[in-house]
Amino acid sequence: MPINIKDDDLETALKKLKVRENNFQILEKLNNLGSWEVDLKTHKSIWSKNSYLLYGYEPFSFEPTMDIFFMHLIPEDVERAKMKLQELIKSKEPGTFEGKMKLNSGKILDIVVNAQILYDENGEASKLIGTTQDVTQRVKNEKLLHESSLELKHQAHHDVLTELPNRALFKDRLERSILAHKRSQGKFALLFIDLDHFKDINDSLGHHIGDEVLKEASIRLKKSIRENDTLARLGGDEFTIILNDIKTVQSAEKVAKKIINKMHKPFSISTLHLHITASIGIAIYPDDATDENSLIKYADAAMYKAKENGRNSYMLYKRNMTASVYKRVILENSLRIAIKEEQFVVYFQPQYLGETDTLIGTEALVRWKHSELGLIPPNDFIPLAEDLNLIVEIDRIVMKKAIKQYARWYKAGFNPGKLSLNLSMKQLNEADFINYLLLILQRYKFDKNKLELEVTETQVMQNPELSIKKLQLISDLGIDIVMDDFGTGYSSLSYLKKLPLNKLKIDQSFVRDIPNDEDDMTITKTIIAMGKAFNLKLIAEGVETLEQKEFLLQNGCEAIQGYLYSKPIPPEEMTTLLETIKKT
Ligand code: C2E
Ligand code: CA
Ligand code: CA
């Protein structure tokens, strides 16, 4: 709608002008901007309606000047704006200025000013025209975007739970350490740290407790290292540390010892006091390897060795270790097959009343009947089975086979006494365990009063409160509970009172050195006295000599198990023994 004074009458022209101004106002509003012009000689300005609104003023309530613009700029932007103005005058090009301005209300706006100089007929700068745009929202959005992209970057490289570097960042740092130490010809250590029995905590207490354990562990680990070392979480309960610039291997061992010590204090999480230990493997650059993958593999292998050696310890990598890790993988695979095919046989070791030599029961002990390797003793696969959580299935197979055999003996008129089954605490944490047990008892019509379950003191004491609860359920069914390997697991007297036990089994390590070791004899006597005080039955395992038996009987331990009477024997041999007993 062009305005043409020649053609239009004044009224029409004014109308058109009015419409155009309205449109212009709407456009300014839409774009959050106000337009203006300044007379460079008088500094007097003309503002659009939206310019006033932008500055927070009543439209057209005063005659503006350029000073009002400078007055509203925040102080740190004033100098820059003045310089920009000089530049603009000289360059004859349009220019842009970005800054902040403060309204009378105190509100701060981010603004973008676009301006251009107009020249008079003499070529002198006479006017400055332009727009001022409020871009506060846009700046805010951009800032948010920037922050979230930083955040994303952080997230891509860090573990959400512990805030530690993750596997990706760890690998990056490892690569850098290799480069740096190649240059400096120095040494660094790579530590692999794995919390012992962490899976049990997660399984039995829930992930929220597991998460707290990981967080606390990461804090303690962090405290064990220096600023320029890297601590990362690879996932699960696996942590790694890169100890840069170590002078000797001993410095790495020192840190490992420090970590083990730092873990000793119980982890207090909600109302629980958890005892957490860690196993650590160490590989050294460049002594053990100079490339990333080998260093990782070796530190991992050393960590496994530390676990095998009873956990709560560290191991330096040695050349033969990777072979044993390889063996472990093979063993794991064949163990899984063994479970599927139930390649297990149960041996029975008789237990006697020492006074009269009467058979009172047997302990069922598993053997793995391997097609090529022959009979594998439990110590060679039970620890691995515990680690892999395969123990639950193995124990169920043993339970089924042993109960079936016992039911047969009873049906045939023999009296093998009580059947004692070894049970991993993992089994008790399975929700369907009791049902499984009842099912098997029912299937073979086996009297539950003839059954007792052995749990090791070490496993019970890993989480005594939970153990008390789970064992109580079994005890309520009328099944006896025996505390196995007693004396090795630091039970406190208060727990001993609360646990629903029927019998203590004195660990063979105390029996072994009777009568040569005074300390072991004292401990054995103390255990017996303690058992009596709690009204528990007593049995000693690993009894090999008459002397040991006499000592135990004299001090009040009535039941005896060990090579003195019999090794663990296969079912057929046990049947023969039962036949002999029946005849006499
Ligand atoms: P444990 O429960 O302490 O079993 C006693 C171990 O001592 C058995 O070893 C037995 O053969 C051995 N032993 C018995 N009498 C004597 C003796 O007079 N002298 C000596 N030197 N040793 C004796 P085994 O059968 O090799 O079992 C080792 C461990 O494997 C068991 O220790 C138990 O912790 C575990 N285990 C065996 N069977 C099972 C099972 O079915 N389930 C679970 N969870 N663990 C089992
Ligand atoms: Ca046992
Ligand atoms: Ca034992």
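In listed order, ligands and their atoms are each counted from 1.
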Just to be sure I read this right, does ligand 1 sit under 4.0 Å from the backbone of [X], its side chain, both, or neither, counting only heavy atoms?
X: Leu421; result: neither
X: Pro568; result: side chain
X: Asp485; result: side chain
X: Gln561; result: neither
X: Val543; result: backbone
X: Asp395; result: side chain
X: Val346; result: neither
X: Lys567; result: neither

Return the option from Lys426, Glu541, Gln548 holding the heavy atom at the smallest distance from atom 5 (C) of ligand 1.
Glu541
Please state which option from Arg512, Gln508, Glu386, Met425 has its nearest heavy atom closest to atom 22 (N) of ligand 1.
Gln508
Going by the atom numbers of ligand 1, which of them fall below 4.0 Å from some non-hydrogen atom of [X]?
X: Val398; value: 41 (O)
X: Ile391; value: 44 (N)
X: Asp484; value: 2 (O)
X: Glu363; value: 2 (O), 4 (O)
X: Pro378; value: 24 (P), 25 (O), 26 (O), 27 (O), 28 (C), 30 (O), 37 (C)
X: Gly562; value: 15 (N), 18 (O)
X: Glu544; value: 17 (C), 18 (O), 19 (N), 20 (C), 21 (N)

N/O/S atom of Asn422 under 3.0 Å from the Ca ion (ligand 2), yes or no?
yes
Residue [X] atom name (nearest to the Ca ion (ligand 2); N/O/S):
X: Glu454; answer: OE1
X: Glu363; answer: OE2
X: Asp484; answer: OD2

If we ignore angles and hydrogens, is there a donor and acceptor under 3.5 Å between the side chains of [X] and [Y]?
X: Asp357; Y: Tyr565; answer: yes
X: Thr277; Y: Asp196; answer: yes
X: Ser566; Y: Tyr352; answer: no
X: Tyr347; Y: Glu363; answer: no

Can you establish whether the number of heavy atoms outside [X] located under 6.0 Å from its atom [atom1] is more than 12?
X: Lys171; atom1: NZ; result: no
X: Lys532; atom1: NZ; result: yes
X: Glu355; atom1: CD; result: no
X: Lys418; atom1: NZ; result: yes
X: Arg167; atom1: CZ; result: no

Listed partners of Asp211 passing salt bridge (Lys or Arg N to Asp or Glu O under 4.0 Å), at least two apart:
none
Would you sort out whether Lys582 and Glu579 count as a salt bridge (charged side-chain N to carboxylate O under 4.0 Å, His left out), showing the intermediate values?
CA-CA 5 Å; Lys582 205 176 167 187; Glu579 280 166 350; over 6 Å; no
Is the closest heavy-atom distance from Lys505 to ligand 1 below 4.0 Å?
no
Name of the residue among Lys426, His197, Glu386 meeting side chain to side chain donor-acceptor pair (under 3.5 Å) with Gln459
Glu386
Name the one of Lys503, Glu452, Gln561 that satisfies side chain to side chain donor-acceptor pair (under 3.5 Å) with Ser420?
Glu452
Taking both backbone and side-chain atoms of Val366, is any N or O found less than 3.5 Å from an N or O belonging to ligand 1?
yes
Taking only residues two or more places apart in sequence or in another chain, which ones pass side-chain hydrogen bond (donor to acceptor under 3.5 Å, both in side chains) with Ser467?
none
